[in-house]
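The basis for the numbers below is simple: all heavy atoms, side chains too, and nothing from hydrogens, waters or symmetry mates. Counting starts at 1 for both ligands and their atoms, following the listed order. Keep in mind that what you see is a predicted model, and the values were worked out from it rather than measured. We count residues from 1, following the sequence as given.
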Amino acid sequence: MRLDVVTIFPEYLEPLNVSLVGKARARGQLDVHVHDLRGWTYDRHNTVDDTPYGGGPGMVMKTGPWGDALDTVLADGYEAGARSPALIVPTPSGRPFTQELAVELSERPWLLFAPARYEGIDRRVMDEYATRMPVHEVSIGDYVLAGGEAAVLVVTEAVARLLPGVLGNAESHRDDSFAPGAMAGLLEGPVYTKPPVWRGRDIPETLLSGHHGRIARWRRDEALRRTTAHRPDLVERCDPEAFDKKDREMLSILGWEPDPEGEPYGRFWRRADGMEE
Ligand code: 6GU
């Protein structure tokens with residue numbers, strides 16, 4: 001996979017040399033190119049922003065540098081044999097970045113990132129490139145960052161770990177919170193390793209039992225406990241068909257019950273007197 005990042009803070013992308021992404025690069029699984037947007041400015045002050053039409057606070061990133069930068073980077077990539085680029089524009093006003101989108105992006109050969117600083121990039125830039133390639137405006141959460149560079153690191157890491165051969169063990173994806181499968185839509189519960197006793201704290205007995213069925217059940221119960229506590233919205237969104245008899249017992253203990261008026265039928269919701277974690 002080829003990645004291009006155009007930014008006014010190339011140093012901010014240094015972490016792409018570290019850890020999982022750094023190793024994927026070193027192994028040739030990821031071909032990363034970071035470009036300084038100011039390389040496409042032609043005035044003394046290397047201006048990349050200007051005041052917004054219609055007035056208001058803050059500054060808007062100009063069309064000129066972005067258009068010239070993206071054209072050059074695209075031409076260089078095509079020249080090097082890259083194909084089918086997708087443009088990713090991190091912005092707090094984008095669609096939520098999800099595991100589903102990470103999987104979709106991991107299947108593309110070429111991602112081009114355009115992180116904005118200031119109040120964002122002139123709309124015409126996204127409209128222009130959308131005529132040539134998929135454009136994804138994405139937000140990484142409900143808070144505001146000073147710029148999209150940290151989001152580029154987030155998206156890159158989420159995507160890179162899905163590439164074939166990047167994680168050592170293919171099984172490592174299986175139980176990811178948000179991965180499709182048996183634990184679909186539930187958060188992972190707690191995990192433990194040696195020593196068996198630490199500062200007087202021991203390991204839940206079931207995990208030492210060697211009984212695979214009981215261990216799987218315990219993990220499922222803990223996932224339900226954690227999800228109801230931290231992300232009740234995920235439980236409400238679950239297809240009730242995904243809950244077996246034991247799940248339903250656990251959910252009832254946690255204060256959740258099927259809603260006879262739920263859509264689809266029997267969707268779970270928290271009883272008014274439900275237990276809080
Ligand atoms: Cl992608 N950019 C900025 N500036 N703030 C954000 C964000 C992105 N996602 C959440 N907040």
Side-chain angles (χ1 to χ4, degrees), residues 1-21 30 32-38 40-41 46-63 65-67 69-70 73 85-108 110-130 133-163 176-178 187 230-231 233-234 237:
M1 173 181 281
R2 177 174 171 126
L3 297 183
D4 285 277
V5 186
V6 179
T7 170
I8 57 169
F9 292 120
E11 328 83 86
Y12 209 117
L13 283 301
E14 277 298 309
L16 295 178
N17 292 317
V18 180
S19 186
L20 174 128
V21 174
L30 264 185
V32 181
H33 302 258
V34 178
H35 314 270
D36 187 346
L37 179 66
R38 293 196 200 275
W40 288 275
T41 55
N46 302 117
T47 308
V48 294
D49 61 338
D50 205 339
T51 54
Y53 276 118
M59 299 291 273
V60 174
M61 294 189 98
K62 294 164 67 64
T63 51
W66 276 111
L70 294 174
V73 167
L87 182 62
I88 320 292
V89 183
T91 164
S93 55
R95 294 165 54 178
F97 179 65
T98 59
Q99 188 65 20
E100 185 181 36
L101 184 55
V103 169
E104 186 184 325
L105 296 179
S106 74
E107 290 162 357
R108 298 200 64 99
W110 185 8
L111 304 179
L112 176 44
F113 290 92
R117 290 263 147 180
Y118 316 111
E119 296 301 306
I121 303 173
D122 186 306
R123 181 77 243 160
R124 292 170 293 178
V125 173
M126 282 69 79
D127 292 344
E128 167 73 9
Y129 290 91
M133 64 193 73
V135 175
H136 300 274
E137 291 182 79
V138 297
S139 163
I140 59 164
D142 293 342
Y143 40 76
V144 179
L145 303 170
E149 283 76 8
V152 173
L153 298 176
V154 167
V155 172
T156 300
E157 187 158 319
V159 168
R161 67 186 286 286
L162 296 173
L163 297 176
D176 284 357
S177 296
F178 309 113
L187 304 180
H230 293 179
R231 295 292 307 276
D233 60 306
L234 293 182
R237 221 188 288 161

Participant: Can you list the atoms of ligand 1 that are under 4.0 Å from a heavy atom of Pro90?
Facilitator: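 Ligand 1 atoms under the 4.0 Å threshold to Pro90: 1 (Cl).
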Participant: Would you say Val144 has any N or O atom under 3.5 Å from an N or O of ligand 1, going by distance alone?
Facilitator: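 Among all N and O atoms of Val144, none is under 3.5 Å from an N or O of ligand 1.
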Participant: Number the atoms of ligand 1 from 1 as they appear, then name those within less than 4.0 Å of a heavy atom of Ala151, with their elements.
Facilitator: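 Near Ala151, the atoms of ligand 1 are 1 (Cl).
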Participant: Evaluate whether atom CD of Glu157 has more than 12 neighbouring non-hydrogen atoms of other residues, nucleotides or ligands under 6.0 angstrom away.
Facilitator: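 For Glu157, atom CD is not crowded (no more than 12 foreign heavy atoms under 6.0 Å).
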Participant: How far apart are the closest heavy atoms of Gly148 and Pro115, and which atoms are they?
Facilitator: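 Between these two residues, the closest heavy atoms are C-CB, 3.5 Å.
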Participant: Run the contact test for Asp142 against ligand 1 with a 4.0 Å cut-off on heavy atoms, strictly below, and give the result.
Facilitator: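 Under 4.0 Å: no for Asp142.
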Participant: Indicate, as side chain, backbone, both or neither, the part of Tyr143 found under 4.0 angstrom from ligand 1 when only non-hydrogen atoms are considered.
Facilitator: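 For Tyr143, the contact with ligand 1 is made by both the backbone and the side chain.
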Participant: If you have a sec, work out which protein heavy atom is nearest atom 5 (N) of ligand 1 and how many Å separate them, to one decimal?
Facilitator: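 Nearest neighbour among protein heavy atoms for atom 5 (N) of ligand 1, to 0.1 Å: Leu145 N, 3.0 Å.
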Participant: By number and element, which atoms of ligand 1 are closer than 4.0 Å to a non-hydrogen atom of Ile140?
Facilitator: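 Taking each heavy atom of Ile140 in turn, ligand 1 has 9 (N), 10 (C) under 4.0 Å.
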Participant: Heavy-atom count around Asp142 CG within 6.0 Å, excluding the residue itself: above 12?
Facilitator: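 For Asp142, atom CG is not crowded (no more than 12 foreign heavy atoms under 6.0 Å).
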Participant: Near Val138, which atoms of ligand 1 are under 4.0 Å from a heavy atom of that residue?
Facilitator: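 So the atoms of ligand 1 that pass are 1 (Cl).
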Participant: Could I get the full list of side-chain contact (heavy atoms from CB on, under 4.5 Å) partners for Thr41, not counting sequence neighbours?
Facilitator: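 For Thr41 the side-chain contact (heavy atoms from CB on, under 4.5 Å) partners, ignoring immediate neighbours, are Arg38, Asp43, Asn46, Val48, Pro65.
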Participant: Between the side chains of Thr7 and Glu149, is a donor N or O closer than 3.5 angstrom to an acceptor N or O?
Facilitator: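 Yes, a side-chain donor-acceptor pair sits under 3.5 Å.
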Participant: Going by an N to O cut-off under 4.0 Å, is there a salt bridge joining Glu128 and Arg123?
Facilitator: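 No, this pair does not count.
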Participant: Just to confirm my output: which protein heavy-atom neighbour is closest to atom 3 (C) of ligand 1, and how far is it?
Facilitator: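 Sorting protein heavy atoms by distance from atom 3 (C) of ligand 1 puts Pro92 CD, 3.4 Å first.
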Participant: What residue and heavy atom of the protein are closest to atom 1 (Cl) of ligand 1, and at what distance?
Facilitator: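 Here the nearest protein heavy atom works out to Thr91 N, 3.1 Å.
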Participant: For atom 10 (C) of ligand 1, find the nearest protein heavy atom and state the residue, atom name and distance (0.1 Å precision).
Facilitator: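 Residue, atom and distance for the closest contact: Gly141 O, 3.1 Å.
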Participant: Do the non-hydrogen side-chain atoms of Leu30 and Val21 ever get within less than 4.5 Å of each other?
Facilitator: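 Sidechains of Val21 and Leu30: in contact.
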Participant: Where is the tightest heavy-atom contact between Pro52 and Pro57, given as atom of each residue plus distance?
Facilitator: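 Closest approach of Pro52 to Pro57, heavy atoms only: CG-O, 4.1 Å.
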